[in-house]
Structure formats: C-alpha cells, structure tokens
Protein chains: 2
Amino acid sequence: MKLSANEEYGLRCLVRLAYAGFEERALTIPEISQAEGVSPAYAAKILRVLRKGGFVKAARGKEGGYTLARPAASIRIGDVIDALGGRLFESDFCDTHAGQAPICTRSVDCSVRSLWRAVQVAVDQVLSKTTLRDLLQNEEEMNSWVRTIPGANGLRLIQ
Amino acid sequence: MKLSANEEYGLRCLVRLAYAGFEERALTIPEISQAEGVSPAYAAKILRVLRKGGFVKAARGKEGGYTLARPAASIRIGDVIDALGGRLFESDFCDTHAGQAPICTRSVDCSVRSLWRAVQVAVDQVLSKTTLRDLLQNEEEMNSWVRTIPGANGLRLIQ
DNA sequence: GCTAATCTATACTTAATAGTCAAGATTACT
DNA sequence: AGTAATCTTGACTATTAAGTATAGATTAGC
C-alpha cells in the first residue's frame with residue numbers, strides 16, 4: 001500500500017508546471033529534473049507518461065519545453081494518479097485472482113473486498129475532489145515563486 | 001498506489017483463521033494455501049510475517065497449525081497492513097527524499113505533502129476503526145461456514 | 001525411540017518497478 | 001544550411017517485491 005515513485009514525482013512535476021504557467025513559461029527537462037532532484041532521463045520518462053495522459057504538452061527545439069496541456073483547475077489529481085500508476089485496487093481481486101477462477105463466491109473474499117472498496121471510496125473522495133489548482137499556494141506566494149526562476153540556470157527555489 | 005500481494009493474502013489468511021477459531025480449530029499451511037490459491041511455501045512466508053507481528057501463533061508437530069494469537073475484535077486492520085507492507089507514506093517524502101537533503105523547504109513539496117497527508121488520514125479512518133471481527137459475517141453465516149470445513153482435506157468452501 | 005505431520009529458516013529464482021543510456025528527431029535562431 | 005537546444009524512443013541495468021525450493025527443527029501418537 002504504497003505510493004509509487006512515478007506517482008510522487010509525476011504529481012510534483014505537474015505542480016511545478018502549474019506554477020510556471022503563471023508566467024506563461026515552459027520548463028525544460030533539465031530544469032525540472034534539477035528541481036525535483038532526479039536525473040534528466042528519469043524526468044523525461046515521467047513526463048512522457050504525463051504527455052500521453054494528456055496533462056502536459058511538449059515543444060521541441062530551442063525555446064521548447066513542457067507546459068500544462070490544460071488549466072490546472074481542470075486536472076483532477078485522481079486522473080493523474082490513474083495515469084501514473086493506477087488506482088489502489090484496479091485488478092479487482094474478486095473478479096480475477098492472479099489469472100485463476102473467480103473467487104468471489106467465497107464469503108471470506110467478499111468481506112475483504114468490502115473493506116478495500118471502503119478504502120477506495122475514502123481515497124477517491126480526496127483525490128477526485130482535488131484539482132491541480134487546489135495544490136497551488138495563494139497568489140502572492142505564486143508570484144514570489146515564479147520570480148525566483150532564473151532563465152537558463154534551472155529552478156532556483158525559494159526558501 | 002497499490003495494495004501489495006502480502007497485504008491482500010495476509011489479511012485473507014487472518015479472516016480464515018478467525019472463522020476457524022470459532023470451532024477452536026487450527027489451520028495448517030496446506031489448508032490455508034489451498035483455500036487461498038497460493039503455494040504452501042508462499043503461504044508459509046506470509047504466515048511468518050503475521051506471526052512475527054503477533055497476530056497469529058503456530059503450533060508445530062502433528063495436530064499443529066496456526067490460530068489467531070488474540071481475539072479478532074482486538075486486531076486492528078491498520079496494524080495488520082502495517083506489519084504486512086507498511087502504510088501509504090511511511091517514508092515521508094518531505095523529511096528524506098531518496099536519501100538526499102530535506103526538500104520540505106520547497107513550497108511545491110509541501111503542497112503535495114498536504115495532499116498525501118489527507119489521503120493518509122482518509123485511509124486510516126477506515127483501517128484503524130476496522131477490526132478483524134468487523135470483517136466476519138454474522139453468526140449464522142459463520143456456523144454454515146465452519147461446518148463446511150472437513151477434517152483433513154483442506155478447506156472446502158461454501159458456494 | 002520412531003514416524004509422520006507439522007512449522008522454520010535461508011537461500012534461490014522470477015517478475016515488476018525504478019532508473020540510466022545512447023542515438024535520433026524537431027525547432028529557433030543565425 | 002548549420003548549429004545548439006530541446007524533446008522522443010527504445011533498449012539497457014539495478015533494485016525491490018513476489019514466489020519457489022530445500023533442508024532442518026519440533027511435536028503427537030504409537
């Protein structure tokens with residue numbers, strides 16, 4: 001019951017891009033990777049997933065980089081998590097159990113299943129209601145944030 | 001954001017042992033593994049974790065097997081999940097980030113952190129309130145359940 | 001004490017996830 | 001057109017989780 005690295009880093013990348021979007025600025029892979037403390041190659045891998053999920057768009061060549069594909073308020077965190085690593089119980093244990101026959105007919109399984117469903121609902125209530133916009137600080141903080149981003153040196157972060 | 005195999009199977013084993021406890025009966029590894037559709041070796045591995053976590057106790061030799069170490073009502077599912085695979089965000093990303101320096105000073109991290117904390121709270125509210133007893137069906141069902149367990153042939157499950 | 005049934009422990013293999021590398025494709029600017 | 005900055009892709013390696021195998025230790029009953 002863990003958050004995958006993809007989910008953690010992917011969401012963080014989106015938050016950074018959302019902030020950068022306030023000054024209509026694209027972020028490059030070197031910038032993002034430095035800011036997140038991961039290798040450029042790994043950042044690229046994560047961003048590919050986000051692009052295929054329709055959350056970010058990329059521009060190649062000089063002056064290129066990544067931007068959000070749509071407004072932060074329209075990006076539900078639940079959808080992001082889905083794209084980055086899947087929900088908690090996607091492979092419903094009650095329908096197919098490691099490729100074997102269904103085991104839902106066993107009472108014990110169904111009681112456990114109900115519990116997972118309750119957890120799933122609890123998680124969804126948080127993740128589906130929250131948008132990327134909800135993760136951003138208030139406007140002043142945003143301004144102080146984006147002002148600290150220098151041109152070519154990667155993100156220089158506020159303390 | 002997935003449930004690990006250990007967590008899924010481990011909890012199921014506990015539910016079975018709770019039912020078996022109603023007729024003061026120990027379940028052997030072959031019985032449990034057959035009922036859960038996993039190999040005996042794998043079942044043994046999971047049961048070891050449960051034993052070290054203090055949820056079950058084992059008796060060796062003939063007539064041996066596993067039983068719950070304490071009443072089902074005193075076993076919180078949250079504790080079981082902890083023992084079997086850890087909670088969602090045990091390695092708090094804000095304190096130590098892949099062995100690097102703390103990154104909590106970066107605003108972006110803290111907003112993401114707040115979200116995970118909210119998810120964590122939501123999950124805990126379900127898992128910490130639920131005990132193993134809560135996962136058992138009502139008494140009549142229990143009786144029909146245990147009556148279907150034959151002596152030496154492994155669990156024969158109700159349909 | 002012997003035997004069969006049981007758990008215990010460690011090491012091993014396989015599969016999935018995390019993370020890296022290198023070569024290629026696109027674009028802005030000159 | 002040339003060049004440097006950028007993303008794109010697929011294959012590769014490393015680490016962790018999942019699952020297996022084997023040999024050993026304990027116990028009940030004879």
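Note on naming: letters A, B, ... go to the chains in the order of the sequence lines (proteins, then strands), and numbering restarts at 1 for each one. Note that this is a predicted model, so its numbers are computed, not measured.
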Protein-nucleotide distance ([X], atom [atom1]; [N], atom [atom2]), rounded to Å:
X	N	atom1	atom2	value
B:Ile46	D:dA17	CD1	P	15 Å
B:Asn6	D:dT16	CG	C1'	12 Å
A:Leu27	D:dT6	CG	C1'	13 Å
A:Glu31	D:dC7	CD	C1'	14 Å
B:Leu47	D:dA18	CG	P	16 Å
B:Arg48	D:dG24	CZ	P	17 Å
A:Ile29	C:dT26	CD1	P	16 Å
A:Glu7	C:dT17	CD	P	11 Å

- Task: Give the intermediate values and the outcome of side-chain contact (heavy atoms from CB on, under 4.5 Å) for residues A:Asn6 and A:Lys45.
- Result: CA-CA 9 Å; A:Asn6 263 14; A:Lys45 194 176 191 178; over 6 Å; no
- Item | Residue mapping more 5' on DNA chain C - nearest nucleotide basis, A:Lys62 or A:Ser39 | A:Ser39
Measure from the side chain of [X], starting at C-beta and using heavy atoms only, and say which of [options] lies closest.
X	options	value
A:Lys2	C:dT10, D:dA17, D:dG10	D:dA17
B:Pro30	C:dA9, C:dA18, C:dC7	C:dC7
A:Ala41	C:dG19, D:dC7, C:dC21	C:dC21
A:Arg60	D:dT9, D:dA17, D:dT6	D:dT6
B:Ser4	D:dT8, C:dG19, D:dA18	D:dA18
B:Glu63	D:dG29, D:dT9, C:dA18	D:dG29

- What is the nucleic acid contact for B:Ala58, judged by heavy atoms within less than 4.0 Å: base, sugar-phosphate only, or nothing?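 Touches sugar-phosphate only.
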- For A:Arg51, report the nucleic acid contact type (base, sugar-phosphate, nothing); a contact means any heavy atom under 4.0 Å.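 A:Arg51: backbone/sugar contact only, no base atoms under 4.0 Å.
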- Message: Any carboxylate oxygen within less than 4.0 angstrom of a Lys/Arg side-chain nitrogen, looking at A:Glu36 and A:Arg16?
- Response: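 The answer is yes: the pair qualifies as a salt bridge.
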- Item | Which atom of B:Ser4 lies closest to which atom of B:Leu84, heavy atoms considered |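 B:Ser4 and B:Leu84 have their closest heavy atoms at OG-O, 4.4 Å.
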- Within one Ile-Leu-Val-Met-Phe-Trp-Tyr cluster: A:Leu135 and A:Phe22, side-chain cutoff 4.5 Å: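 Hydrophobic grouping puts A:Leu135 with A:Phe22.
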- Item | Residues B:Leu11, A:Trp116; criterion side-chain contact (heavy atoms from CB on, under 4.5 Å); working and verdict | CA-CA 11 Å; B:Leu11 184 54; A:Trp116 296 151; 3.7 Å; yes
- Task: For C:dT8, take OP1 and OP2 only and decide whether either is under 4.0 Å from a side-chain N or O of B:Tyr66.
- Result: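 Yes, such a contact exists.
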